[in-house]
Amino acid sequence: MKTALLKASSRTIAQAAAILRDGDLVAFPTETVYGLGADAFNPQAVAKIFKAKGRPSDNPLIVHIASKKDLMLVVRSVPPFARLLIDRFWPGPLTLVLPKTGLVPKMATGGLDTVAVRMPDHPAALALIRAAKTPIAAPSANRSGRPSPTSARHVQLDLEGRIDAILDGGPSRGGVESTVLDVTGKIPIILRPGQITPEQVEQVVGPVIVHSDHAHNPRLVRSPGMKYRHYAPRAKLILVEGNPKRVQGHIDRYRHQKKKVGVLAFHHRYRADNAHYYGRNLRAIARDLFAILREFDGKKMDVIFCETLPKKGLGLAIMDRLGRAAGRRG
Ligand code: TXA
Ligand code: MG
């Protein structure tokens, strides 16, 4: 299959919408990362997503809508506190887990009776969903296990020849994905930390449970995707905190053994083969994180040292992704 690369315009959006209506796959930009879209109400189309990504079939997808009123096509009921979150954060990077309607095939929800849904804050994504005249199921448009794509080029590298088209809307401004929030119970549970911070959610609805804080509690439902290895660069990634002299010593030892060392640092500057220093600009780190992980691959690093950040605000989502990139699964 040839993958068409379409620069986003009203003409190419109409073209991409026609591909989706035909039951085929289109990757498209959102404000977080690129998504790999299919008609959410067409189980054969949705099945193609799992095949193209190499994604385990029990890992459910996010359904994207272009207007708040389309929510009731996808979910059966919305508790009042979830309405408050929608009013505050949609369109935007907050995904809500709610009971699904019969229109949503189990293929899209990994067999669950709940569905994850969000309204993206990106003009091309919204125009595409409107033109397709159906909600669009879309996971991140990477091969399963790879860092999420934040440009059309990243999608090409992972999925060229496996999908029908890529709608190129330029680099993503968010980088880290949406926050996945289970609102089926009395207290909302953050299943995956993301662009919207726990603090922001709490300002609207009061206390939330952050799932990773309660990983030992088997009663809490899990986001099925979180058990798989994710975001992994090819090199070994090591998280480091503390004494910069000792860290530089480790880096030097590896380089002495002719290993290429990459660094992603937030507190100190290091000498290495490919070093990125960010200070504590969390927005910029989130935006560039996946591109940097891919750059380490492109430049054939053998080892990556990465400093840690406090797990507060956006730092929680960034550390979640880095922990997974380092091989943590739970
Ligand atoms: O920013 C984003 O969320 C991007 C853009 C494209 O919208 N999408 C994205 O999708 O990151 P994906 O498939 O890579 O991640 C979806 C996450 C997974 O961890 C999955 O397990 C969880 O959402 N999820 C989906 N449906 C769920 C459900 N019914 N219950 C619990 N977790 C669910
Ligand atoms: Mg993903």
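Note that these values count all heavy atoms, side chains included, but never hydrogens, waters or copies made by symmetry. We count ligands from 1, going down the list as the structure has it; atoms in each ligand are counted the same way.
- Backbone or side-chain N, O or S atoms of Ser148 do not reach the Mg ion (ligand 2) at under 2.8 Å.
- Heavy atoms from both the backbone and the side chain of Thr114 come within less than 4.0 Å of ligand 1.
- Expressed to the nearest 0.5 Å, how far OG1 of Thr184 lies from CG of Leu98 amounts to 7.5 Å.
- Residue Thr109 does not touch ligand 1, judged by heavy-atom distances below 4.0 Å.
- Atom numbering of ligand 1 starts at 1 in the shown order; those under 4.0 Å from a heavy atom of Leu112 are 28 (C), 29 (N), 30 (N).
- In this model, a donor atom of one side chain and an acceptor atom of the other lie less than 3.5 Å apart for Arg283 and Gln195.
- At a 4.0 Å heavy-atom cut-off, ligand 1 does not touch Asp182 at all.
- Annotation for ligand 1: atoms under 4.0 Å from non-hydrogen atoms of Val180 are 23 (O).
- For the pair Glu241 and Arg246, the salt-bridge criterion is not met [side-chain N within less than 4.0 Å of a carboxylate O].
- Nearest to atom 6 (C) of ligand 1 by heavy atom, out of Pro56, Gly35, Ser172, Pro149, is Gly35.
- Ring to ring, Phe296 and His276 are close: their centroids are under 6.0 angstrom apart.
- Looking at Ser140 and Glu177, their side chains never bring a donor and an acceptor atom within 3.5 Å of each other.
- Summarising the geometry, atom OG belonging to Ser148 is positioned 13.5 Å from atom OH belonging to Tyr34; distances are rounded to the nearest 0.5 Å.
- Contacts with ligand 1 closer than 4.0 Å are made by no heavy atom of Glu31, backbone or side chain.
- Residue-level proximity to ligand 1 for His64 is carried by the side chain, the only part with a heavy atom below 4.0 angstrom.
- Of all the heavy atoms of Glu177, the ones lying under 4.0 Å from any atom of ligand 1 are found in both the backbone and the side chain.
- Judged purely by distance below 3.5 Å, without hydrogens or angles, the side chains of Thr32 and Ser178 never pair a donor atom with an acceptor atom.
- The environment of NZ in Lys300 is sparse: at most 12 heavy-atom neighbours from other residues, nucleotides or ligands sit within 6.0 Å.
- For Lys236, the NZ atom is loosely surrounded, since the number of other residues' heavy atoms within 6.0 Å does not exceed 12.
- Listed by atom number, the atoms of ligand 1 under 4.0 Å from Thr32 heavy atoms are 1 (O), 2 (C), 4 (C), 5 (C).
- Remark: ligand 1 atoms within the under-4.0 Å shell around heavy atoms of Leu61 are 25 (C), 26 (N).
- For ligand 1, the polar-atom distance check against Thr95 finds no nitrogen or oxygen pair separated by under 3.5 Å.
- Classified by interplanar angle (parallel below 30°, tilted 30° to 60°, perpendicular above 60°), the ring pair His64/Phe28 is perpendicular.
- Close N/O approach between Thr30 and ligand 1 is not found [any backbone or side-chain N/O within under 3.5 Å].
- Nearest-residue assignment for atom 13 (O) of ligand 1 (options Arg192, Lys53, Arg55; heavy-atom criterion): Arg55.
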